[in-house]
Amino acid sequence: MPPAVVARGFYARDPRAVAPDLLGKLLVHDSPDGVRRSGRIVEVEAYCGSADPGSHAYRGETARNRTMFGPPGHLYVYFTYGMHWCANVVTGDPGESGEGLAVLVRALAPVDGIPSMQAARPAARRVRDLCNGPGKLCQALGLDRSFDGADLVTANQGVWLADDGTPPPATPFQTTRIGLSAGAEHPWRWCVPGDPHVSGPARLRGAPTPVPGP
DNA sequence: TCTGCGATAATA
DNA sequence: ATTATCGCAGAC
């Protein structure tokens, strides 16, 4: 089944509904030089705008977060910790558009262009370390500030979201979000259970619990 | 495999 | 001052 662009309507919902549906989709970057880098989404977090103290949008629109307040189906890319880029998918009900709702893509299982990803991420010694974190996947796919605001449906900047028929997991692994000081109590992180490309230690990956000894 | 810590600069 | 993180060192 050939990959299809994910339709615009997919994004026009509450981020807590979009987030688990994103698991299994492909995040694709086609560079101008013809190289395709892509990975299957295995970990996401929902951010709920003005209602969510963990969101960049909590205190309203600024120059940095402007894309989040725009239409669903665009990429919000921000810079953090002095050296990392992170990528979000802007979402939102039609009635909520402009509320600053988004889903952070936290990890991918690499699919296409692995040699190109390795060239972009010399620190990653194993393929499983290429995209197992929000900053890592941006470095691997070559996503930075210049992709902030990119339209994922028209793919006008070479970045798009594809559906190759892989369904989201029937029972995703759900936990609280990572790295927050405010709003950390909400269980708005979803993962493909046990996938080795999910970020963090085993307990945060939904690793199968070891069977008790006899 | 897991935990702790320093790097590094835009943002508010 | 804070930060939606990463990579390395060191312990087990």
Side-chain angles (χ1 to χ4, degrees), chain A residues 14-16 18-20 22-23 27 39 41-70 74-92 99-108 110 117-149 173-191 194-211:
Chain A
D14 187 291
R16 289 162 293 188
V18 175
L22 243 16
L23 298 176
L27 182 60
I41 298 174
V42 296
E43 178 184 357
V44 291
E45 286 178 352
Y47 286 86
C48 299
S50 59
D52 178 7
S55 172
H56 290 169
Y58 183 56
R59 291 177 177 79
E61 183 176 336
T62 66
R64 179 208 207 188
N65 65 22
R66 188 167 332 271
T67 299
M68 270 214 279
F69 288 83
H74 289 243
L75 200 65
Y76 165 51
V77 181
Y78 69 88
F79 187 65
T80 193
Y81 287 104
M83 52 190 120
H84 303 295
W85 299 98
C86 294
N88 297 248
V89 169
V90 178
T91 76
E99 295 268 327
L101 308 172
V103 176
L104 172 66
V105 182
R106 285 195 57 90
L108 307 174
M117 293 189 201
Q118 288 172 319
R121 272 183 53 65
R125 309 178 109 258
R126 306 171 301 176
V127 170
R128 63 182 290 185
D129 294 322
L130 243 24
C131 300
N132 61 346
K136 296 177 186 179
L137 71 90
C138 282
Q139 191 180 8
L141 293 193
L143 301 178
D144 60 21
R145 165 133 277 166
S146 67
F147 294 89
D148 182 37
F173 181 64
Q174 187 174 2
T175 73
T176 52
R177 296 174 295 180
I178 292 177
L180 304 191
S181 56
E185 67 278 14
H186 298 113
W188 293 342
R189 171 178 178 262
W190 291 266
C191 309
D195 190 290
H197 303 92
V198 173
S199 70
R203 71 176 187 283
L204 294 177
R205 274 184 259 131
T209 29
V211 291

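Below, chain A is the first sequence line, B the second, and so on; all start at residue 1.
- Across all strands, A/Gly133 comes closer than 4.0 Å only to sugar-phosphate atoms, never to a base (heavy-atom distances).
- Across all their heavy atoms, A/Pro134 and A/Cys86 have their closest contact at CB-SG, 3.9 Å.
- Nucleic acid contact class of A/Ser181 (heavy atoms, under 4.0 Å, all strands): sugar-phosphate only.
- Around the OH atom of A/Tyr58, the shell of radius 6.0 Å holds no more than 12 heavy atoms that belong to other residues, nucleotides or ligands.
- Annotation: of the two residues near DNA chain B, A/Arg145 and A/Arg126, the 5′-most nearest-nucleotide partner is A/Arg126.
- The separation between A/His186 atom NE2 and C/dA4 atom C1' is 15 Å, rounded to whole Å.
- For the pair A/Asp144 CG and B/dA10 C1', the computed distance is 15 Å after rounding to whole Å.
- Summarising the base pairing, B/dT8 is matched to no nucleotide, lacking a Watson-Crick or G-U wobble pair whose two defining distances lie under 3.5 Å.
- Of all nucleotides listed (B/dT1, C/dA4, B/dC2), B/dC2 comes nearest to the side chain of A/Pro201.
- Of the candidate nucleotides B/dA9, B/dA12, C/dA4, B/dA12 has the atom lying nearest to any side-chain atom of A/Thr62.
- Side-chain proximity of A/Cys86 to the nucleotides B/dT8, C/dT5, C/dG7 is greatest for C/dT5.
- We find that CZ of A/Arg64 is positioned 11 Å from C1' of B/dA9, with the value rounded to whole Å.
- Closest non-hydrogen pair, A/His74 versus A/Thr67, comes out as CB-CG2, 4.5 Å.
- Listed nucleotides: B/dT8, B/dA10, C/dT5. Nearest to the side chain of A/Phe79: B/dA10.
- For A/Tyr78 against C/dA4, a side-chain N or O and a base N or O form a donor-acceptor pair under 3.5 Å.
- Residue order along DNA chain C, read from the 5' end via each residue's closest nucleotide, puts A/Leu180 first among A/Leu180 and A/Ala123.
- In this model, the phosphate group of C/dA4 is approached by a side-chain N or O of A/His56 to a distance below 4.0 Å at OP1 or OP2.
- The aromatic ring of A/Tyr81 sits over the base of C/dT3, with ring centres less than 5.5 Å apart and planes inclined by under 30°.
- Residues A/Pro20 and A/Gln174 fail the side-chain proximity criterion, which asks for heavy atoms closer than 4.5 Å.
- Here B/dT3 is the nucleotide among C/dT5, C/dG7, B/dT3 with the atom lying nearest to any side-chain atom of A/Arg203.
- When rounded to the nearest whole Å, the span between CG of A/Leu143 and C1' of C/dT5 equals 16 Å.
- When heavy atoms are screened at a 4.0 angstrom cut-off, A/Arg177 is found touching no nucleic acid atom at all.
- Between the OH atom of A/Tyr47 and the P atom of C/dT3 there is a distance of 12 Å, given to the nearest Å.
- The separation between A/Arg125 atom CZ and C/dG7 atom C1' is 12 Å, rounded to whole Å.
- Distances from the side chain of A/Arg205 to the nucleotides B/dC2, C/dG7, C/dT5 place B/dC2 closest.
- The OH-C1' distance, from A/Tyr58 to C/dT3, rounds to 17 Å in whole Å.
- A/Arg121 comes within contact range of the sugar-phosphate backbone alone, with a heavy-atom separation under 4.0 Å but no base atom that close.
- Two residues are said to be in side-chain contact when any heavy atoms from C-beta on lie closer than 4.5 Å; A/Tyr81 and A/Phe79 fail this criterion.
- Looking at the side chain of A/Arg128, the nearest of the listed nucleotides B/dA7, C/dA4, B/dT1 is B/dT1.
- We find that CZ of A/Arg189 is positioned 14 Å from C1' of C/dT5, with the value rounded to whole Å.
- At least one side-chain heavy atom of A/Tyr47 sits less than 4.5 Å from a side-chain heavy atom of A/Leu104.
- Of all nucleotides listed (C/dT5, B/dC2, C/dA4), B/dC2 comes nearest to the side chain of A/Ala202.
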